[in-house]
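Note sheet for the following structure.
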Amino acid sequence: ADLEASFDDYARQCAPVAEAITGAQRVGKFFGMLRWEGFFREACGPGWVLVGDSGYFKDPTPGQGIGDAYGQVETLAPAIMNGLGGSGNGLDSALAAWGRWRDEDQAEHYWFATDLGKAGPPPAVLVEAARRLLAAGHIDDFIDVFNHRAKPPCVLTRSRVLTATGSLLARRGCQRRALLREVR
């Protein structure tokens, strides 16, 4: 009902942000994205290729968009050079191979971002798994998902998800059905 107050209350939940915005005054309208959908487009065709958000777009919550685009270009440039240089079956074949790589490389990150970006608080199991990684001195493993040094299932393994789920289920007041729906 009160977007201004809700936004302000949310922003002030983080102490460094609250300190940074003390005394600040918003001077423009709120802007946001509503009812958008992620997508994978065909990566390439005869003589053309799509990189970054033009080729596929995912939930922006994990903040990976520009990193994804740079990573794609890092692998695309050598593919183009090989295609133009006569090794393999030419440029179109090199681009098609690159397109298959892009889809395979990005698919798990796409679904991770989709789950992370759903409305409401982050998934409880994800938070618990991250908390356990932090306690074990392995939070870097979790951060590696965000910078594409690791794929989500390599860090959020079945055993870690099951352990986090068990820990949450054992807590007093756990909404078991909601938690199990989330895990499913």
Side-chain angles (χ1 to χ4, degrees), residues 1-41 50-74 102 105-156 160-161 163-165 167-179 181-183:
D2 186 352
L3 181 61
E4 181 92 30
S6 294
F7 179 82
D8 191 55
D9 289 346
Y10 183 77
R12 292 182 188 284
Q13 289 177 9
C14 176
V17 173
E19 183 180 331
I21 64 174
T22 297
Q25 183 178 4
R26 188 174 51 80
V27 296
K29 293 176 15 177
F30 282 102
F31 290 93
M33 294 181 0
L34 298 173
R35 294 182 286 283
W36 60 271
E37 292 183 23
F39 57 81
F40 273 84
R41 289 190 177 122
L50 298 175
V51 176
D53 286 350
S54 65
Y56 99 102
F57 174 76
K58 66 182 176 200
D59 191 295
T61 301
Q64 297 176 326
I66 194 69
D68 289 353
Y70 282 131
Q72 291 170 26
V73 169
E74 281 183 339
R102 184 213 62 184
D105 183 65
Q106 299 299 323
E108 291 166 340
H109 290 282
Y110 175 88
W111 292 112
F112 175 73
T114 299
D115 286 345
L116 192 61
K118 288 181 181 169
V125 172
L126 180 65
V127 174
E128 179 64 15
R131 187 192 67 72
R132 291 173 146 304
L133 285 167
L134 177 63
H138 296 288
I139 195 64
D140 288 352
D141 293 347
F142 186 67
I143 293 169
D144 284 347
V145 171
F146 290 89
N147 59 30
H148 284 252
R149 284 194 292 245
K151 292 192 176 199
C154 294
V155 175
L156 301 168
R160 284 182 174 145
V161 169
T163 300
T165 302
S167 177
L168 291 168
L169 287 170
R171 291 188 186 157
R172 191 175 291 241
C174 175
Q175 302 290 320
R176 287 181 170 85
R177 285 185 183 173
L179 177 64
R181 261 193 315 273
E182 178 183 284
V183 172

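Quick caveat: nothing in here was measured; it's all calculated off a predicted structure.
- A donor-acceptor pair is defined here as one N or O able to donate and one able to accept, closer than 3.5 Å; such a pair exists between the side chain of Arg102 and the backbone of Gly55.
- In this structure, the separation between CD1 on Ile139 and CZ on Arg131 is 11.0 Å, given to the nearest 0.5 Å.
- Side-chain contact check for Val155 versus Leu133: some heavy-atom pair is nearer than 4.5 Å.
- The pair Lys118-Glu182 does not count as a salt bridge, with every side-chain nitrogen at least 4.0 angstrom from each carboxylate oxygen.
- Atom NZ of Lys151 and atom CG of Leu156 lie 14.0 Å apart (nearest 0.5 Å).
- The two residues Glu108 and Pro152 make their nearest non-hydrogen contact at O-CG, 3.8 Å.
- Between the side chain of Gln64 and the backbone N or O of Val145 there is at least one donor-acceptor pair closer than 3.5 Å.
- Here the straight-line distance linking atom CZ of Arg41 with atom CG of Leu50 works out to 7.0 Å at 0.5 Å rounding.
- Between His109 and Pro62, the closest side-chain pair of non-hydrogen atoms is not below 4.5 Å.
- Two residues are said to be in side-chain contact when any heavy atoms from C-beta on lie closer than 4.5 Å; Leu126 and Phe112 meet this criterion.
- For Arg26, the CZ atom counts as densely surrounded, since its 6.0 Å shell holds more than 12 non-hydrogen atoms of other residues, nucleotides or ligands.
- Counting heavy atoms from C-beta outward, Asp68 and Gln72 have side chains that approach closer than 4.5 Å.
- Inter-residue side-chain proximity for Arg171 and Leu179 is flagged as unmet; no heavy-atom pair is nearer than 4.5 Å.
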Practice item. Give the C-alpha distance, both sets of side-chain angles, the deciding distance and a yes or no for side chain to side chain contact (heavy atoms under 4.5 Å, CB included) between Phe142 and Arg160. Key: CA-CA 12 Å; Phe142 186 67; Arg160 284 182 174 145; over 6 Å; no

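- Here the closest non-hydrogen pair linking Asn147 and Arg149 is ND2-NH2, 2.9 Å.
- Contact of the Val17 side chain with the Tyr10 side chain is not registered, since no non-hydrogen atoms from C-beta on lie closer than 4.5 Å.
- Counting heavy atoms of neighbouring residues, nucleotides and ligands inside a 6.0 Å radius, atom CZ of Phe7 does not exceed 12 of them.
- The minimum heavy-atom distance between Ala113 and Asp59, with the atom names listed, is O-CB, 3.4 Å.
- Between atom CD of residue Glu19 and atom OG1 of residue Thr22 there is a gap of 7.0 Å, rounded to the nearest 0.5 Å.
- Annotation: the span from Leu169 atom CG to Arg176 atom CZ amounts to 6.0 Å, rounded to 0.5 Å.
- Put simply, the side chain of Thr165 gets close to the backbone of Val161: a donor and an acceptor are under 3.5 Å apart.
- Remark: Phe30 CZ is packed, more than 12 non-hydrogen atoms of other residues, nucleotides or ligands lying under 6.0 Å away.
- In this structure, Leu168 CG and Cys174 SG are separated by 6.0 Å, a value rounded to the nearest 0.5 Å.
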